[in-house]
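Structure, as structure tokens:
Keep in mind the model is a prediction, meaning the values are calculated, not measured.
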Amino acid sequence: MLNSRKTLIVIAGPTAVGKTDAAIKLSKYWNSEIISADSRQFFSEMSIGTAKPDQQQLNEVKHHFIGQLSIHDYYNVSKFENEVMQLLEKLFGKHDVVIMVGGSGLYIDAVCKGIDNFPDPEPELRSFLKGIYLDEGIVKLQEMLFHIDPEYYAKVDINNPNRLLRALEVCHTTGKKFSEQRLNSNKNRGFRIIKVGLNLPRPQLFNRIGFRVDQMVEKGLVEEVQNLLPFRHLNALNTVGYKEIFDFLDSKINLEQAIENIKTNTRRYAKRQLTWFNRTDEYAWFEPSELNEITNYLLSGSK
RNA sequence: GGGGGGGUACCAGAGCGGUCAAAUGGGGCAGACUGUAAAUCUGUUGGCUAAGCCUUCGGAGGUUCGAAUCCUCCUCCCCCCA
């Protein structure tokens with residue numbers, strides 16, 4: 001069991017706000033290490049388009065969960081939760097403070113609050129259900145769910161194929177209703193968690209997004225995506241910055257248009273992230289440049 | 001100079017006498033979200049003292065009980081002929 005003096009500092013915020021830099025500085029201050037909670041920076045083949053920390057930054061502070069997976073690997077939040085918890089046990093052995101940075105809200109929450117246990121989905125079942133959806137449409141999924149798990153049917157977003165697919169998948173593999181197993185439990189972690197949100201006035205954030213996308217293109221985004229073209233069907237590549245370039249490589253749109261689309265979709269992504277983080281009032285919000293304020297806040301809170 | 005087409009909400013683009021504050025798409029804004037999550041999905045998008053009222057469909061007049069829709073003039077744009 002972890003010592004309660006141990007603290008996990010969570011740094012969250014919308015994409016391109018400046019989380020990486022801030023986390024590195026804070027990590028240096030506490031002489032600690034960084035756990036990344038970014039569902040796309042996990043993949044070794046995706047670097048430019050995911051704005052991974054560069055080699056110099058990686059050398060400055062030890063990072064975990066950056067590029068540890070291949071786009072061909074199957075991964076999910078639950079695995080992330082387990083791996084992070086294992087790692088934390090080790091890290092807290094030598095540090096009182098560990099920093100977790102990232103923009104993937106679900107992944108952050110899985111670490112902070114835990115996530116219910118479900119068996120891993122069987123790939124065959126998953127593709128079977130997907131086939132039904134593709135062949136017979138969402139209405140068929142709705143009917144299936146209505147019969148198997150009316151309770152969940154009553155509360156899900158009935159138009160969201162992913163949700164329906166997942167619920168059906170769980171019902172079929174466990175033989176039990178999804179709604180009965182989805183406890184929304186709140187695991188008690190043996191360490192303190194302090195959450196810091198980083199944000200900027202919207203116009204400024206959006207400027208940074210535009211600038212960063214241009215930079216990605218200069219660094220060779222198109223080539224990176226081109227090399228991944230054969231694997232475009234993989235889930236990891238259903239990602240902003242990649243799908244738009246695929247459209248360009250398909251000659252559906254020109255480069256300029258693709259770049260514009262990436263910027264637009266990134267702005268939307270940032271908005272969705274903010275919506276997620278604003279769901280709770282657990283975050284103390286700062287601008288990324290307010291390092292002193294952040295440090296003071298953390299010091300007063302981590303005592 | 002002659003002939004033709006057209007100017008509709010942030011943009012594109014339907015509508016072509018009432019059921020039009022105006023389809024649809026894009027963009028914007030807001031939201032949902034426990035295993036594909038940078039994914040997936042939803043709502044909203046003229047104004048207001050909001051089941052009502054006010055101001056909108058290039059501009060000005062006119063016809064009509066009634067006009068984004070018809071007529072006249074003006075204006076701007078596009079295409080064809082010279």
Please check this pair: side chain of [X] against backbone of [Y], looking for a donor-acceptor N/O pair closer than 3.5 Å.
| X | Y | answer |
| --- | --- | --- |
| A/D96 | A/K6 | no |
| A/D73 | A/L69 | no |
| A/E224 | A/S47 | yes |

Phosphate contact ([N] OP1 or OP2) by [X] side-chain N/O below 4.0 Å:
| X | N | answer |
| --- | --- | --- |
| A/R279 | B/A32 | no |
| A/N235 | B/A37 | yes |
| A/S104 | B/A37 | no |
| A/R202 | B/C29 | yes |

Next on the checklist: Determine whether a donor-acceptor pair (one donor, one acceptor, N or O, separation below 3.5 Å) exists between the side chain of A/N162 and the base of B/U40.
Outcome noted: no
Checklist entry - Within the structure shown, what part of the strands sits under 4.0 Å from A/Y242 by heavy-atom distance: base, sugar-phosphate, or nothing? => result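 Counting heavy atoms under 4.0 Å across all strands, no contact is made by A/Y242.
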Checklist entry - Across the strands shown, which category fits A/G49 at heavy-atom distances under 4.0 angstrom: base, sugar-phosphate, nothing? => result base
Please report the distance, rounded to the nearest Å, between [atom1] in [X] and [atom2] in [N].
| X | N | atom1 | atom2 | result |
| --- | --- | --- | --- | --- |
| A/Q41 | B/A37 | CD | P | 14 Å |
| A/L164 | B/U36 | CG | P | 14 Å |
| A/N76 | B/C33 | CG | C1' | 16 Å |
| A/Y75 | B/U36 | OH | P | 13 Å |
| A/E260 | B/C11 | CD | C1' | 14 Å |
| A/R40 | B/U40 | CZ | C1' | 12 Å |
| A/D157 | B/A37 | CG | P | 17 Å |
| A/R182 | B/A32 | CZ | C1' | 12 Å |

For [N], give the paired nucleotide (Watson-Crick: N1-N3 plus N6-O4 or O6-N4; G-U: N1-O2 and O6-N3; both under 3.5 Å), or none.
| N | answer |
| --- | --- |
| B/A14 | none |
| B/A30 | B/U42 |
| B/U63 | none |
| B/G35 | none |
| B/G1 | B/C81 |

Next on the checklist: Apply side chain to side chain contact (heavy atoms under 4.5 Å, CB included) to residues A/E244 and A/N265 and explain how you reach the verdict.
Outcome noted: CA-CA 9 Å; A/E244 297 84 354; A/N265 289 331; 2.8 Å; yes
Between [Y] and [X], does any NZ, NE, NH1 or NH2 come within less than 4.0 Å of an OD or OE carboxylate oxygen?
| X | Y | answer |
| --- | --- | --- |
| A/K176 | A/D149 | no |
| A/K263 | A/D214 | yes |
| A/K252 | A/D247 | yes |
| A/R189 | A/E81 | yes |

For RNA chain B, find the residues of [range] with a heavy-atom distance under 4.0 Å and give them by number; none if there aren't any.
| range | result |
| --- | --- |
| residues 113-133 of chain A | A/I115, A/D116, A/N117, A/F118, A/D120, A/R126 |
| residues 263-274 of chain A | A/T264, A/R267, A/R268, A/Y269, A/K271, A/R272 |
| residues 166-178 of chain A | A/R166, A/F178 |

Checklist entry - So which nucleotide from B/G35, B/U40, B/C29 ends up closest to the side chain of A/V77? => result B/G35
Next on the checklist: Between A/F231 and A/Y242, is the ring centroid distance below 6.0 Å?
Outcome noted: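 That pair fails the under 6.0 Å test.
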Next on the checklist: Are A/F43 and A/Y75, when compared by the centres of their aromatic rings, separated by less than 6.0 Å?
Outcome noted: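 They do not qualify: ring centres at least 6.0 Å apart.
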Next on the checklist: For A/V77, run the side-chain contact (heavy atoms from CB on, under 4.5 Å) check against A/L106, A/D109, A/V111, A/I108 and tell me which one passes.
Outcome noted: A/L106
Next on the checklist: Before you tell me yes or no, could you show the steps for A/K243 and A/D250 under salt bridge (Lys or Arg N to Asp or Glu O under 4.0 Å), namely the whole-Å CA-CA distance, both residues' side-chain angles and the distance that decides it to 0.1 Å?
Outcome noted: CA-CA 10 Å; A/K243 45 187 175 186; A/D250 286 344; over 6 Å; no
Item to check | Whole-Å C1' distance, B/G27 and B/C10 | outcome: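 8 Å, rounded to whole Å.
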Checklist entry - Looking at side-chain heavy atoms only, is the closest gap between A/L205 and A/P14 below 4.5 Å? => result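 The answer is yes; the side chains approach within 4.5 Å.
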